[in-house]
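A quick write-up on the structure given underneath.
Both backbone and side-chain heavy atoms feed into the values below; hydrogens, waters and symmetry mates do not.
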Amino acid sequence: MRWLITALLLCAVSAVHAGAQKYEPLSASVQAALHKAVSDARPSVSSFKMPQDAADWLGEMSRRLEKRIPDRAYRIDLLRSVHYEATRAGLDPQLVLGLMHVESGFRKYAVSSAGARGYMQVMPFWVELIGRSEDSLFDLRTNLRYGCTILRHYLDIEKGDLFRALGRYNGSLGKAEYPNLVRAAWQNHWHYDKPARLAQNGD
């Protein structure tokens with residue numbers, strides 16, 4: 001029953017807690033590094049180590065996301081993109097799903113009262129600051145690329161302190177409500193244990 005109450009609470013507050021990252025001047029070196037991070041082309045490689053890992057993770061996460069995104073092909077594309085961009089940025093893909101759960105409720109065209117856009121609720125000033133004028137924050141991969149790059153940047157600033165990094169991401173640094181919501185979504189809805197594999201060749 002407790003998990004159900006938590007899930008309902010998360011659904012109710014998802015739009016209320018949409019992000020509002022605050023503009024902060026960046027050094028030239030940091031700005032260049034972030035620009036490179038969001039501009040690199042996506043290579044045609046999988047972020048999964050093994051095909052079976054991809055099948056297991058995508059199958060499980062697809063099942064959990066089905067009610068929110070009924071289109072299976074789009075849902076799988078979204079999940080592959082989340083896994084790729086999170087892994088590329090050194091983030092836990094399940095953490096990113098938890099953040100999306102709270103920020104946008106997995107609504108592609110979500111716009112917050114502060115103007116944050118898309119799945120990961122990225123503020124438009126980031127496009128001018130580190131991106132290109134043609135970048136659309138409503139594009140699936142562009143939004144995930146920016147969101148994961150920004151969260152990684154905040155984690156680096158905060159020396160790995162996830163609580164403070166999430167506060168920066170939401171524009172609520174020092175307040176517990178938003179980091180706690182993301183952690184609750186991550187742990188209660190998107191937590192994932194890799195299935196155990198039977199030993200091969202009789203080992």
Self-check item: Flag side-chain contact, heavy atom, 4.5 Å: Arg117 against Pro124
Solution: yes
Exercise. Indicate the atoms forming the closest heavy-atom contact of Ser62 with Arg75, along with that distance.
Key: OG-NE, 2.8 Å
Quiz prompt | Which residues share a side chain to side chain donor-acceptor pair (under 3.5 Å) with Glu60, sequence neighbours left out | solution = Arg63, Arg64
Exercise. Report the distance from atom CG of Asn143 to atom CD of Glu85, rounding to the nearest 0.5 Å.
Key: 10.5 Å
Exercise. Determine the minimum heavy-atom distance between Leu79 and Trp57, stating which atoms define it.
Key: O-CZ3, 3.5 Å
Quiz item: In Å, rounded to the nearest 0.5 Å, how long is the span from CE of Met50 to CG of Asp56?
Solution: 11.0 Å
Self-check item: Student check: side-chain heavy atoms of Val127 and Thr142 closer than 4.5 Å
Solution: no
Exercise. List for me each residue that meets side chain to side chain donor-acceptor pair (under 3.5 Å) alongside Arg132, sequence neighbours excluded, and say none if there are none.
Key: Asp135
Quiz item: Roughly how far, to the nearest 0.5 Å, is the CG atom of Leu91 from the NE2 atom of His83?
Solution: 11.5 Å
Self-check item: Evaluation steps, side chain to side chain contact (heavy atoms under 4.5 Å, CB included), between Tyr119 and Arg107
Solution: CA-CA 6 Å; Tyr119 286 118; Arg107 289 176 293 126; 6.0 Å; no
Practice problem: Answer yes or no: is there a donor N or O on one side and an acceptor on the other, between the side chain of Arg145 and the main chain of Ala37, under 3.5 Å? | Solution: yes
Exercise. Output all residues satisfying side chain to side chain contact (heavy atoms under 4.5 Å, CB included) with Ala176, sequence neighbours left out; order by chain, then residue number.
Key: Phe163, Asn180
Practice problem: Mind checking the OG-CE spacing from Ser112 to Met123? Nearest 0.5 Å is all I need. | Solution: 6.0 Å
Quiz item: For Asp53 and Lys194, what are the C-alpha separation, side-chain angles and deciding distance, and is it a salt bridge (Lys or Arg N to Asp or Glu O under 4.0 Å)?
Solution: CA-CA 8 Å; Asp53 291 340; Lys194 183 178 177 180; 3.4 Å; yes
Self-check item: Heavy-atom closest contact (Gly98 atom, Ala185 atom, distance)
Solution: O-CB, 3.7 Å
Practice problem: Quick one: closest heavy-atom pair of Ser104 and Ala110, and the distance? | Solution: CB-CB, 4.0 Å
Quiz prompt | Same apolar cluster: Met120 and Leu173, side chain cutoff 4.5 Å | solution = no
Quiz prompt | Qualifying residues under salt bridge (Lys or Arg N to Asp or Glu O under 4.0 Å), relative to Lys36, sequence neighbours excluded | solution = Asp40
Quiz item: What's the spacing between Gln21 CD and Ile150 CD1 if we round to 0.5 Å?
Solution: 5.0 Å
Practice problem: Check side chain to side chain contact (heavy atoms under 4.5 Å, CB included) between Asp193 and all other residues, then give those that pass, not counting sequence neighbours. | Solution: His191
Practice problem: Quick one: list whatever passes side chain to side chain donor-acceptor pair (under 3.5 Å) with Trp190, sequence neighbours left out. | Solution: His101
Quiz item: Would you say Leu26 and His35 make side-chain contact, with heavy atoms under 4.5 Å?
Solution: no
Quiz prompt | All pairs passing ring pair (Phe, Tyr, Trp, His ring centres under 6.0 Å) where residues 125-149 contributes a residue, at least two apart | solution = Tyr23-Phe125, Tyr109-Phe138
Quiz item: Does Asp156 have any salt bridge (Lys or Arg N to Asp or Glu O under 4.0 Å) partners at least two apart in sequence or in another chain, and if so, which?
Solution: Arg152
Quiz prompt | Val82 to Pro93 - nearest heavy-atom pair and separation | solution = CG1-O, 3.9 Å
Practice problem: Could I get the full list of salt bridge (Lys or Arg N to Asp or Glu O under 4.0 Å) partners for Glu158, not counting sequence neighbours? | Solution: Arg164, Arg168
Quiz prompt | Euclidean distance, Leu166 CG relative to Leu95 CG, rounded to 0.5 Å | solution = 6.5 Å
Quiz prompt | Intermediate values then yes/no, side chain to side chain contact (heavy atoms under 4.5 Å, CB included), Val122 and Tyr169 | solution = CA-CA 9 Å; Val122 177; Tyr169 193 94; 4.1 Å; yes
Self-check item: Test side chain to side chain donor-acceptor pair (under 3.5 Å) applied to Tyr192 - qualifying residues, sequence neighbours left out
Solution: none
Quiz item: Pro179 and Gly167: which non-hydrogen atoms are nearest, and at how many Å?
Solution: CG-N, 4.1 Å
Practice problem: Give the intermediate values and the outcome of side chain to side chain contact (heavy atoms under 4.5 Å, CB included) for residues Arg141 and Asp77. | Solution: CA-CA 10 Å; Arg141 291 182 182 83; Asp77 188 35; 2.6 Å; yes
Quiz prompt | Atom CD of Glu128 with >12 non-hydrogen neighbours under 6.0 angstrom | solution = no
Exercise. Not counting sequence neighbours, which residues clear side chain to side chain contact (heavy atoms under 4.5 Å, CB included) with Ala54? List them please.
Key: Phe48, Leu58
Practice problem: Please identify each residue that fulfils side chain to side chain contact (heavy atoms under 4.5 Å, CB included) with Ser133, with sequence neighbours left out. | Solution: none
Quiz item: Testing Leu155, Ile157, Leu151 for side chain to side chain contact (heavy atoms under 4.5 Å, CB included) with His153, which one passes?
Solution: Ile157
